[in-house]
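Here is the naming used below: chain letters follow the sequence lines, and residue numbers restart at 1 for every chain. Values in this document were obtained by computation on a predicted structure and should not be read as measured data.
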There are 2 protein chains.
Amino acid sequence: MVTSEPHTLQEGIEQAGHRLTYPRQAILDLVAQHPDGFTAEEVCAQLPQVGRATVYRTVKLLLDLGLVCKMTGPDGAPRYTLSVAGHHHHTLCVRCGAAADFQRCTVDLILQTLRAETAGVILGHRMEVYVLCPRCLEQEETTSSGSPT
Amino acid sequence: MVTSEPHTLQEGIEQAGHRLTYPRQAILDLVAQHPDGFTAEEVCAQLPQVGRATVYRTVKLLLDLGLVCKMTGPDGAPRYTLSVAGHHHHTLCVRCGAAADFQRCTVDLILQTLRAETAGVILGHRMEVYVLCPRCLEQEETTSSGSPT
DNA sequence: ACCGTGGTTGATACTCCGTCTCAATAATGC
DNA sequence: GCATTATTGAGACGGAGTATCAACCACGGT
């Protein structure tokens with residue numbers, strides 16, 4: 001059933017029985033170039049030849065196939081990243097939007113505790129950690145010495 | 001500076017120097033009756049006399065004052081609950097939307113680990129646990145025996 | 001090489017959640 | 001009672017995403 005793990009987004013799409021059309025190629029290429037995250041509108045802006053609907057459809061497709069995952073910024077802004085492993089969590093830079101993974105799923109520990117306490121059934125979870133990434137942090141420090149707006 | 005903890009939403013609003021107008025009263029009353037969560041649109045629907053903008057404004061106000069907190073469903077649907085303690089997390093029933101708290105912030109444990117690993121600075125986090133609450137679970141079981149669909 | 005099928009596309013309308021605008025209104029201080 | 005100011009509400013607007021639907025083009029079969 002599992003026809004060898006897909007190594008690229010292209011392979012993932014094809015293995016799932018979807019056609020690898022030109023617009024999709026373009027989107028996949030762009031996405032692959034932004035391993036630390038992108039927004040759907042960014043893709044739209046950078047691929048004016050491709051229709052908005054197609055961009056959203058393709059992102060949704062990748063989402064459904066588990067090839068990318070969706071994150072939510074502190075303000076609710078959605079953002080997508082390449083999904084390297086199965087289930088994992090991210091840190092999301094509130095300044096530049098860069099995402100990074102953290103596998104160490106200590107989250108499971110919480111869930112175990114919770115499972116014991118909860119009468120219901122735990123179906124899933126979402127965890128987002130908001131950070132200021134090293135690069136942005138540096139900029140912050142450089143800038144803050146000057147005029148405070 | 002902290003002028004005695006507010007015990008009701010009303011007090012919270014007044015202590016923050018905001019007027020306790022009739023529309024606000026109505027919203028606060030309604031919200032207080034739904035301790036396990038509500039959506040802005042639900043409030044709008046149940047208070048047709050009150051304008052949509054006012055509902056959203058009031059919810060935002062409560063949010064800013066920390067009197068309610070915002071949750072995000074698995075599909076991204078926003079939902080609000082009364083915020084009893086300072087910082088805490090919820091379980092959110094994917095069926096009925098009922099929210100429950102879990103104080104035990106084992107989350108801190110994750111953050112500690114992460115803090116050691118991350119070069120950047122951790123600013124905040126969000127954790128949502130999706131459950132099927134006991135009531136819905138029961139219904140599920142009762143229903144599932146009958147006609148599927 | 002040609003054709004038919006149906007998965008895809010893209011323009012556009014629409015939804016949902018929420019914010020902004022702005023004139024009208026209500027609450028408060030004096 | 002009046003002026004000041006916060007607040008309201010209708011509706012326009014915005015971002016994110018979905019639905020519609022005719023046109024299209026990728027692919028398998030012949």
Take the protein atom [atom1] of [X] and the nucleotide atom [atom2] of [N], then report the distance between them rounded to whole Å.
{"X": "A:Arg79", "N": "D:dG17", "atom1": "CZ", "atom2": "P", "value": "12 Å"}
{"X": "B:Glu14", "N": "D:dT7", "atom1": "CD", "atom2": "P", "value": "12 Å"}
{"X": "B:Leu63", "N": "C:dC17", "atom1": "CG", "atom2": "C1'", "value": "14 Å"}
{"X": "B:Leu28", "N": "D:dT7", "atom1": "CG", "atom2": "C1'", "value": "14 Å"}
{"X": "A:Gln25", "N": "C:dT9", "atom1": "CD", "atom2": "P", "value": "11 Å"}
{"X": "B:Ile13", "N": "D:dA6", "atom1": "CD1", "atom2": "P", "value": "15 Å"}
{"X": "B:Glu41", "N": "C:dC17", "atom1": "CD", "atom2": "P", "value": "6 Å"}
{"X": "B:Arg24", "N": "C:dT28", "atom1": "CZ", "atom2": "P", "value": "11 Å"}

What I'd like to find out is whether the side chain of A:Leu82 reaches to under 4.5 Å of the side chain of A:Val31, using heavy atoms alone.
yes
Side-chain heavy-atom pair A:Val131, A:Leu92 within 4.5 angstrom cut-off:
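Contact flag for A:Val131/A:Leu92 side chains = no.
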Is it true that B:Glu41 and B:Arg52 have a side-chain N and a carboxylate O under 4.0 angstrom from each other?
yes
Looking only at side-chain atoms of [X], point me to the closest of [options].
{"X": "A:Thr54", "options": "C:dA27, C:dC17, C:dT9", "value": "C:dT9"}
{"X": "A:Ala53", "options": "D:dA12, C:dT8, C:dG10", "value": "C:dG10"}
{"X": "A:Pro23", "options": "C:dG10, C:dG7, D:dT7", "value": "C:dG10"}

Between the side chains of [X] and [Y], is a donor N or O closer than 3.5 angstrom to an acceptor N or O?
{"X": "A:Tyr80", "Y": "A:Glu42", "result": "no"}
{"X": "B:Thr72", "Y": "B:Arg79", "result": "no"}
{"X": "B:Arg24", "Y": "B:Thr54", "result": "no"}

Within the structure, does a side-chain N or O atom of [X] lie under 4.0 Å from either OP1 or OP2 of [N]?
{"X": "A:His18", "N": "C:dT8", "answer": "yes"}
{"X": "B:Tyr80", "N": "C:dG18", "answer": "yes"}
{"X": "A:Tyr56", "N": "D:dG17", "answer": "yes"}
{"X": "A:Lys60", "N": "D:dA16", "answer": "no"}

Take B:Ala40 and B:Arg19, find for each the nucleotide of DNA chain C with the closest heavy atom, and name the residue whose nucleotide sits nearer the 5' end.
B:Ala40
Let me spell it out: for each of A:Gln49 and B:Pro78, pick the nucleotide of DNA chain C with the closest heavy atom. Which residue's pick is nearer the 5' end?
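Nearest-nucleotide comparison on DNA chain C picks A:Gln49.
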Between B:Val50 and A:Leu20, whichever has its closest DNA chain D nucleotide further toward 5' is B:Val50
Tell whether B:Arg57 reaches the base of C:dG18 with its side chain through a donor-acceptor pair below 3.5 angstrom.
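Side chain to base: no pair present.
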Does the base of D:dG17 carry an N or O that pairs as donor and acceptor with the side chain of A:Arg52 under 3.5 Å?
yes
Contact class for A:Thr21 (heavy atom, under 4.0 Å): base, sugar-phosphate, or nothing?
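Sugar-phosphate, backbone atoms only, no base.
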